[in-house]
Amino acid sequence: MQDKLQQIKTEALLALKSVKDKIQLEELEIKLLGRKGGQLTELLKGLKDLSEDAKREVGQLANEIKKDIESALAKKKTEFVQQEMAGLLEKENLDITQPSLPPKVLGHLHPNTIIQNDLEDLFTSMGFMVLDGPELESEYYNFSALNIPADHPARDMQDTFYIKGHSDWVMRTHTSPMQVRAMQKYGTPLRMIVPGKCFRNEATDVRHEHTFYQLEGVVVDKDISFAHMKGVLESVFKHIFGPETKIRLRPKFYPFVEPGVNGEVTCYLCKGKGCRLCKQTGWLEVFGAGMIHPNVLKEGDIDPNIYQGFAFGFGLTRLAMLKYGIEDIRLLESGNMKFLEQF
Ligand code: FA5
């Protein structure tokens, strides 16, 4: 049996010399070591008939020979891979020492930022100031100051991310906390907008993201009416989507306004006919608005018997979707370059 083993090794090394490619190499490997019918495998099946001593001796030799054959096969395989790589490099005429080319794509603004800049310009031209607010907000400004007391069911309208170990902090669910902050800081008369990121623990879909942008607006002065609010909102949406754009205001409960409305614009995809995006209604919900509740004015140290105001909160991300015909809101924060390079 030892002689037979040595013979297999000698023949194997000889055969290896005449192997010309990876396919022949594979065939030889199977012929020698294949689990079914491999020369070495078959020979080793006879081990069980030997005495214990012979088994140990022949087994050791068989292992050594198997290892020698395996390493000779592996060496040959490496040679073929190297040859293949060299051939590829030659074919592609690839000069790996050539300095890299500058990136083809220059940076550009995100669609959310484009629409935010556009609206900031529009609102500043109407005398509004642009404010920024904290994304990590106190539970007081996010809810209580906005006439939403603790345990009020209205808190369930917005699925909130609370902060572990800080029960009075939240990731702001809307830009409305800036209403009272601005009133307290700037008093009256007040005309301001706040664009910014909001966070909700949403089950995401084509229209809902956990992180999205809103743009809040507040006007407080003497003799401010619902008609002023409608006039401002109409001119904003006509500016964004063109003079033929229609808006629809329908009553909606928001604890911080009275009366409150849900604002919609004509669906861009079906032009109002009804489709998957607008859930067959022809309208897309893009903002909430209303006359500021007296309790909110009071929280802002403003006397509701002298001053009135209106507030609105646009879904800025939804506006970007409308303007650019984006069907799935999740693309906007995806970091997908193929998508982003279109803007
Ligand atoms: C609010 O957030 C109110 N703060 C708006 C408001 C301000 C009302 C001032 C009255 C006065 P609402 O939850 O409806 O309301 O959200 C306002 C807009 O934000 C929606 O119309 C929608 O366009 C957008 N929005 C809300 N949730 C999401 C979300 N998960 N993903 C993307 N956009 C959203």
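Along the sequence shown, the residues carry numbers beginning at 1. We count ligands from 1, going down the list as the structure has it; atoms in each ligand are counted the same way.
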* Structure fact -> Short version for Val257: what comes under 4.0 Å of ligand 1, heavy atoms counted, is side chain

* **Phe314 and Phe287 aromatic ring geometry - parallel, tilted or perpendicular at 30°/60° bounds** => perpendicular

* Phe256 contact mode with ligand 1 (heavy-atom cut-off under 4.0 Å) -> side chain

* Heavy atoms only: give me the nearest Val296-Gln179 pair and the separation to one decimal. => CG1-OE1, 4.0 Å

* Return the residue, atom name and 0.1 Å-rounded distance of the protein heavy atom closest to atom 2 (O) of ligand 1. => Arg200 NH2, 2.9 Å

* Which residue owns the protein heavy atom closest to atom 5 (C) of ligand 1, what's the atom, and how far is it? -> Gly313 CA, 4.0 Å

* To do: Measure from atom 33 (N) of ligand 1 to every heavy atom in Phe199, Phe253, Phe212 and give the option owning the shortest one.
  => Phe212

* Asked: Which residue and non-hydrogen atom of the protein lie closest to atom 8 (C) of ligand 1, and at what distance in Å?
  -> Gly288 C, 3.4 Å

* **Charged N-O contact under 4.0 Å between Arg330 and Glu209** => no

* Structure fact -> closest protein heavy atom to atom 16 (O) of ligand 1 is Gln214 NE2, 3.4 Å

* Carboxylate-amine/guanidinium proximity below 4.0 Å for Lys230 and Glu234 -> yes

* **Structural part of His210 in contact with ligand 1, heavy atom criterion under 4.0 angstrom** => neither

* Mode of Thr317 contact toward ligand 1 - side chain, backbone, both, neither (heavy atoms, under 4.0 Å) -> neither

* Asked: Does the ring of Phe161 carry Arg200 above it, NZ/CZ under 6.0 angstrom from centre and within 45° of its axis?
  -> no

* Structure fact -> protein heavy-atom neighbour closest to atom 20 (C) of ligand 1 works out as Glu285 OE2, 3.6 Å

* **Flag if over 12 foreign heavy atoms under 6.0 Å of NZ, Lys246** => no

* Hey, are Glu70 and Lys67 close enough for a salt bridge, meaning a charged N less than 4.0 Å from a carboxylate O? -> no

* Minimum-distance protein heavy atom relative to atom 14 (O) of ligand 1 -> Tyr254 OH, 2.7 Å

* Does Arg181 come within less than 4.0 Å of Glu137, counting only side-chain N to carboxylate O? -> yes

* Asked: So which protein heavy atom does atom 11 (C) of ligand 1 come closest to, and at what separation?
  -> Ala311 O, 3.5 Å

* Residue and atom name of the nearest protein heavy atom (relative to atom 22 (C) of ligand 1), distance in Å to one decimal -> Arg318 NH1, 3.3 Å

